[in-house]
Amino acid sequence: DDLILVRRSGTGSRVIAYRSGTMASSFSPIGLTSTLTLPFDATRWSTSDVNADGLADLYALVDRGVDGDGTSRGTAITRLLSPRRGTTLEVRPWMSVPSMDWASTFPY
């Protein structure tokens with residue numbers, strides 16, 4: 001079994017996998033991304049097969065902040081796709097949704 005974690009890296013985020021050994025008694029860390037500009041404190045993470053290729057992917061819901069008058073600028077969605085080869089996730093910004101208020105948006 002493997003474990004994927006998102007860790008703070010400066011003000012950004014870094015995705016790391018902890019891969020289990022053959023006896024499942026130890027884990028080895030493998031960086032799946034370099035430091036991402038996705039703000040650690042304003043990003044919610046979830047998993048899905050977002051491109052229907054049979055591999056687990058991550059997606060990030062990112063707070064876009066507020067306008068000067070306090071109106072939410074909505075939520076941006078970034079996909080992190082599992083590669084067919086190698087270990088580096090492919091980061092693809094997908095869309096921004098101004099009407100998706102960050103305060104009430106949660107992945108499940």
Verify the cluster assignment for Leu61 and Leu81: are they in a single hydrophobic cluster under the rule of side-chain heavy atoms below 4.5 Å apart? yes
Spatial distance of atom OG1 (Thr11) from atom CG (Leu38) [nearest 0.5 Å]: 10.5 Å
For the residue pair Arg14 and Ser9, what are the closest heavy atoms and their distance? CB-CB, 4.1 Å
For Tyr18 against Arg7, the heavy-atom pair lying closest together: OH-NH1, 3.6 Å
Could you tell me which residues satisfy salt bridge (charged side-chain N to carboxylate O under 4.0 Å, His left out) with Arg64, sequence neighbours excluded, listed by chain and number? none
Using a 4.5 Å cut-off on heavy atoms from C-beta on, say whether the side chain of Ile30 contacts that of Ile16. no
Which atom of Ser13 lies closest to which atom of Pro39, heavy atoms considered: OG-C, 4.0 Å
Scan residues 47-59 for pairs that pass salt bridge (Lys or Arg N to Asp or Glu O under 4.0 Å), counting only residues two or more places apart or in two chains. none
Check the pair Leu32, Ile4 against side-chain contact (heavy atoms from CB on, under 4.5 Å), reporting the backbone distance first and the verdict last. CA-CA 9 Å; Leu32 299 179; Ile4 295 178; 4.2 Å; yes
Sub-4.5 Å side-chain heavy-atom contact between Leu80 and Tyr59: no
Interatomic distance, OG1@Thr47 vs CG@Leu58, rounded to 0.5 Å, equals 7.0 Å
Contact summary for Pro83 and Leu55, nearest pair of heavy atoms: O-CD1, 3.7 Å
Atom of Trp45, atom of Pro107 and distance for their closest heavy-atom approach: O-CG, 3.7 Å
Other hydrophobic cluster members with Tyr108, side-chain heavy atoms of Ile/Leu/Val/Met/Phe/Trp/Tyr under 4.5 Å, chained? none
For residues 88-103, which side-chain donor-acceptor pairs fall under 3.5 Å, sequence neighbours excluded?
unit_1	atom_1	unit_2	atom_2	d
Glu90	OE2	Arg92	NE	2.6
Glu90	OE2	Arg92	NH2	2.7
Asp101	OD1	Ser72	OG	3.2

Hey, could you give me each pair passing salt bridge (Lys or Arg N to Asp or Glu O under 4.0 Å) that has a residue in residues 29-42? Not counting sequence neighbours. Arg8-Asp41
All side-chain hydrogen bond (donor to acceptor under 3.5 Å, both in side chains) counterparts of Thr71, not counting sequence neighbours: Asp69
